[in-house]
Amino acid sequence: LNRALDSTRARLGERRLEIDLQASTVEVDPVFVDEAVANVLDNAIKYTPDGALVRISAADLRPDRVLLTIEDDGPGVPDEVMPRLFEKFYRAPRARQSARQGTGIGLAVVRGLVQATGGTVTARRSELGGLAIDMELPARRLPVTDGAEIPPGVDA
């Protein structure tokens, strides 16, 4: 995540960044995940006002999966467009009215990058009030000499 944060930190402006990483190691292509995270962070920055909160959190979902969430307390998007957010060239109605225009390809790229790592990505209303993007990623499992596996987060 450090590379994605480094590439977007200068654009944060007056937004507050909160990071809570309490998950196992993920076993994914770091370039793909960096790009996906940077893209979602860019959207959060683009569509929230100064002073908004952007939160990045990660937690173990199951022994073999980690949930990485990027969410904000911005205006969000209407519930009826949530299922379309990852379609190519789709922009939510509020985005069309924004002075900050985009092509609508960003979240489709995020979906492709996350799927290429063996993960999934979904959107929902954030508990903060804005938009939350959840990336479910494969966690690394450490082999034990007798053939058993240790769940992530447990020392051998």
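Every heavy atom of this structure was used, including side-chain atoms; hydrogens, water molecules and symmetry mates were not.
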Asker: Under the side chain to side chain contact (heavy atoms under 4.5 Å, CB included) rule, collect the residues that match up with Ala38, sequence neighbours excluded.
Answerer: Ala4, Ser7, Thr8
Asker: Does Leu12 offer a backbone N or O that forms a donor-acceptor pair with the side chain of Arg15 under 3.5 Å?
Answerer: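 A pair under 3.5 Å: yes.
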Asker: Just verifying a value: how many Å separate Asp134 CG and Thr69 OG1, rounded to the nearest 0.5 Å?
Answerer: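 Asp134 atom CG to Thr69 atom OG1 measures 3.5 Å (nearest 0.5 Å).
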Asker: Check Ala139 against Val66 and note the closest heavy-atom contact, atom names and distance.
Answerer: CB-CG2, 3.8 Å
Asker: Where do Pro30 and Arg3 come nearest, in terms of heavy atoms and distance?
Answerer: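 Shortest heavy-atom contact: CB-NH2, 3.5 Å.
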Asker: Establish whether Leu61 and Val40 are linked, either directly or via other cluster members, by ILVMFWY side-chain heavy-atom contacts under 4.5 Å.
Answerer: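 Hydrophobic grouping puts Leu61 apart from Val40.
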Asker: In the single-linkage hydrophobic clustering (I, L, V, M, F, W, Y; side-chain heavy atoms under 4.5 Å), do Phe32 and Val109 co-cluster?
Answerer: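 Yes: a chain of side-chain contacts under 4.5 Å links Phe32 to Val109.
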Asker: Report, as yes or no, whether the 6.0 Å neighbourhood of atom CD on Glu14 holds more than 12 heavy atoms from other residues, nucleotides or ligands.
Answerer: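 12 or below, so no.
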Asker: Going by the side-chain contact (heavy atoms from CB on, under 4.5 Å) test, name the single residue among Leu67, Val114, Thr120 that passes it with Leu137.
Answerer: Val114
Asker: Do Leu5 and Leu41 come close enough that some side-chain heavy atom pair is under 4.5 Å?
Answerer: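 Leu5 reaches Leu41 side chain to side chain.
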Asker: Do Leu1 and Ile19 belong together in a cluster built from hydrophobic side chains that touch within less than 4.5 Å?
Answerer: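 Result: yes, single cluster for both.
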Asker: Taking Arg11 for the side chain and Ile45 for the main chain, is one N or O donor matched with an acceptor at less than 3.5 Å?
Answerer: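 No, because the side chain of Arg11 does not come within donor-acceptor range (under 3.5 Å) of the backbone of Ile45.
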Asker: Side chain of Arg125, backbone of Pro78: donor and acceptor closer than 3.5 Å?
Answerer: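 Checked: no pair found.
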Asker: Which heavy atom of Ser57 sits nearest to which heavy atom of Leu21, and what is that distance?
Answerer: C-CD2, 4.3 Å
Asker: Between Val121 and Met135, which heavy-atom pair has the shortest distance, and what is it?
Answerer: CG2-CG, 3.9 Å
Asker: Do Arg16 side-chain atoms and Gly51 backbone N/O form a donor-acceptor pair below 3.5 Å?
Answerer: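 Here the side-chain-to-backbone pair exists.
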Asker: Locate the shortest heavy-atom distance separating Ala44 from Asp72; write the atom from each residue and the value.
Answerer: CB-OD2, 3.9 Å
Asker: Return the minimal non-hydrogen interatomic distance between Arg65 and Glu136, and the atom names on each side.
Answerer: NE-OE2, 3.0 Å
Asker: In the single-linkage hydrophobic clustering (I, L, V, M, F, W, Y; side-chain heavy atoms under 4.5 Å), do Leu128 and Val37 co-cluster?
Answerer: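 No, separate clusters.
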Asker: Could you give the distance from CG (Leu131) to CE (Met82), rounded to the nearest 0.5 Å?
Answerer: 5.0 Å
Asker: Do Leu68 and Leu17 belong together in a cluster built from hydrophobic side chains that touch within less than 4.5 Å?
Answerer: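 In one cluster: yes.
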Asker: How many angstroms lie between CG in Leu85 and CZ in Arg111, if you round to the nearest 0.5 Å?
Answerer: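 Here the rounded value is 10.5 Å.
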